[in-house]
Asks: 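Provided herewith is a single structure, encoded as structure tokens, for subsequent inquiry.
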Amino acid sequence: MKPSLILIGAPGSGKGTQATRLVKEFGYKHLSTGDLLRKEIAEKSVLGLEVKSVMDAGKLVDDNLVLRLLKANTDKKGANIFDGFPRNTNQAKLLDQEILNDVNYKVFYFDIEKSVLLDRLCFRRTCPACGKIYNIKLMPPLKENTCDACGHIGLTHRSDDNEKVVNERLDVFLKSTEPLLDYYQKKGCLYKVDASLDVEDIFKAIASGI
Ligand code: AMP
């Protein structure tokens, strides 16, 4: 079986795009904690109502709450892609202890200049039907507001993809998430990818490292 994958990178570094591709090619289960939390908000669940204001501010949701959601959605028998979790060292330890245990996994760090991310995020749009990600400035769909992949009309703009909240999310990444690289470096399972390359080249780099 392929190893499970942990994708670490600043918001907008391309983790979601690569995860979608890896699922298609290798049959991984994609677990994006951001997507799982947004689903709870859309469904107006108790958990969704609890986390909405924290997410709108670009801060981190409580570690154990996200862990619980993740645990409930992990494929226990197959290989998973963890996208957006862990976000800090405590979450990395919880993931090792409570989900991965002795499962074989690799960590890919999406290395990118932070200054390009503001543009990437503020112009990001997502297809709510199939999850394909666009950028209306850098990588627009062929037909305005319409998904190339599934034809769905009406691409969505995340409420936290605006300049103020993006700056906060990047700050959180630098302070809480980047230190994680050390944790995985010491474990010997960290691989760095150049996330400024084009989508296909990043995919090839990851696929050859799995
Ligand atoms: P993302 O879609 O990964 O950019 O996540 C969007 C937002 O969801 C983040 O800004 C956090 O508020 C929340 N979130 C996602 N994953 C986590 C996590 N592992 N721990 C805490 N909060 C998270």
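Bear in mind the structure is a predicted one, so any value in this text is a computation, not a measurement. Order of appearance sets the numbers: ligands from 1, and atoms from 1 within every ligand. Note that these values count all heavy atoms, side chains included, but never hydrogens, waters or copies made by symmetry.
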Asks: Does anything in residues 51-75 pair up under salt bridge (Lys or Arg N to Asp or Glu O under 4.0 Å), and if so which pairs, sequence neighbours excluded?
Replies: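 Checked against salt bridge (Lys or Arg N to Asp or Glu O under 4.0 Å) - neighbours excluded - the pairs reaching residues 51-75 are K52-D56, K59-E168, K71-E98.
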
Asks: To check you understand the geometry: which heavy-atom pair defines the closest contact between P11 and L117, and what is its length?
Replies: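 Here P11 and L117 meet closest at O-CD1, 3.6 Å.
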
Asks: So, is the end of the R125 side chain (NZ or CZ) under 6.0 Å from the ring centre of Y134 and within 45° of the ring's axis?
Replies: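 No, a cation-pi geometry is absent between R125 and Y134.
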
Asks: Please tabulate, one pair per line, all N/O donor-acceptor pairs under 3.5 Å involving side-chain atoms of residues 139-153, not counting sequence neighbours.
Replies:
residue, atom, partner, partner atom, Å
N145, OD1, L155, N, 3.0
T146, OG1, E144, O, 3.1
D148, OD1, L142, N, 2.8

Asks: Anything with a heavy atom under 4.0 Å from ligand 1 counts, so go ahead and list those protein residues by chain and number.
Replies: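 Near ligand 1, by chain and number: T33, G34, L37, R38, M55, K59, L60, V61, V66, G84, F85, R87, Q91, R158, D160, R169.
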
Asks: Any heavy-atom pair between the side chains of N162 and C122 that's under 4.5 Å?
Replies: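 Of all side-chain heavy-atom pairs linking N162 with C122, none is under 4.5 Å.
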
Asks: For K187, enumerate each residue passing the side-chain contact (heavy atoms from CB on, under 4.5 Å) test, keeping only those at least two apart in sequence or located in another chain.
Replies: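 Once residues adjacent in sequence are excluded, the partners of K187 under the side-chain contact (heavy atoms from CB on, under 4.5 Å) criterion are D96, Y105, Y183, Y184, C189.
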
